[in-house]
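Just below is one structure, and these are the notes that go with it.
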Amino acid sequence: MSLLKLLREQQQRLHDLTQLLQHERSLLASADMGGQALTDLASRKQQLLAKLEATETMRQSVQRRLGYAEGTAGARQAAMEAGCLEAWDSTLELTREARRLNTLNGELVGLRMEQNSRLLGFIHQAAEKTVYRASGRVAAQSGRFNASV
């Protein structure tokens with residue numbers, strides 16, 4: 001398989017990944033983020049990442065087999081000599097965009113977890129204030145309510 005064909009394949013998969021990450025971001029930002037939708041998206045993302053990894057492994061193997069140095073410098077030289085430097089640069093740009101979106105989504109997940117943790121803390125705090133009598137009835141509570149949460 002030619003280097004240009006491998007790079008085009010990677011670009012298509014990176015484009016697909018970017019679209020998935022954008023969809024994931026919209027789900028994470030929505031008030032009613034569907035758990036099943038996120039699960040399905042995560043599964044599709046894993047499959048796509050596995051395909052991307054396989055393509056990248058093949059590209060690196062071809063690069064080594066043709067005698068180019070490993071790493072970015074060797075990849076750039078191989079692309080330049082194969083006449084597909086523009087495709088290589090485009091692939092790198094798509095990779096950076098996917099990384100940026102993935103980082104942003106990770107931050108959104110962190111914010112959601114923090115929000116959920118605060119909400120659970122509030123629920124636990126409210127539950128602790130409920131006192132039951134031996135009869136199972138709720139005892140009268142003071143009229144104070146902690147609104148600082």
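We count residues from 1, following the sequence as given.
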Any side-chain heavy-atom pair of E93 and R96 under 4.5 Å: yes

Verify same cluster id: L92, L52 (apolar side-chain graph, 4.5 Å): no

E9 CD to Q12 CD distance, which is reported to the nearest 0.5 Å: 9.5 Å

Intermediate values then yes/no, salt bridge (Lys or Arg N to Asp or Glu O under 4.0 Å), D89 and R76: CA-CA 8 Å; D89 288 339; R76 186 168 189 77; 2.6 Å; yes

Spatial distance of atom CD (E97) from atom CG (L17) [nearest 0.5 Å]: 10.5 Å

From CG (N105) to CZ (R100), nearest 0.5 Å: 9.5 Å

A87 backbone acceptor or donor facing T91 side chain under 3.5 Å: yes

Apart from L120 itself, residues in the same hydrophobic cluster as defined by side-chain heavy atoms under 4.5 Å: none

Validation row: M113, V109 side chains within 4.5 angstrom (heavy atoms): yes

NE2 on H15 to CD on Q10, rounded to 0.5 Å: 15.5 Å

Heavy-atom pair of closest approach, residues L101 and R25: CD2-NH1, 3.7 Å

Shortest non-hydrogen separation from R59 to A75 and the atoms involved: NH1-CB, 3.4 Å

L21 side, atom CG; T103 side, atom OG1 - distance, nearest 0.5 Å: 9.5 Å

T18 side chain reached by H23 side chain, heavy atoms, under 4.5 Å: no

Under 3.5 Å donor-acceptor, Q63 side chain and A78 backbone: no

Residue Q19 excluded, over 12 heavy atoms near CD under 6.0 Å: yes

Residue pair L85 / M80: nearest heavy atoms and the distance that separates them: CB-CA, 4.2 Å

Over 12 non-hydrogen atoms of neighbours within 6.0 angstrom of CZ in R64: yes

Pair listing, side chain to side chain donor-acceptor pair (under 3.5 Å) test, anchored in residues 65-74, at least two apart: Y68-E81

Intermediate values then yes/no, side chain to side chain contact (heavy atoms under 4.5 Å, CB included), Q115 and L111: CA-CA 6 Å; Q115 183 182 36; L111 288 172; over 6 Å; no

Spatial distance of atom CD (Q22) from atom CG (L104) [nearest 0.5 Å]: 10.5 Å

Side chain to side chain contact (heavy atoms under 4.5 Å, CB included) between Q46 and L49, intermediate numbers included: CA-CA 5 Å; Q46 283 303 111; L49 287 170; 3.8 Å; yes

Co-membership, hydrophobic cluster, residues V62 and W88, 4.5 Å side-chain: no

Show me the side-chain donor-acceptor pairs of residues 1-8 shorter than 3.5 Å, one per line, residues at least two apart or across chains.
unit_1: S2; atom_1: OG; unit_2: K5; atom_2: N; d: 3.1
unit_1: R8; atom_1: NH1; unit_2: Q11; atom_2: OE1; d: 3.0

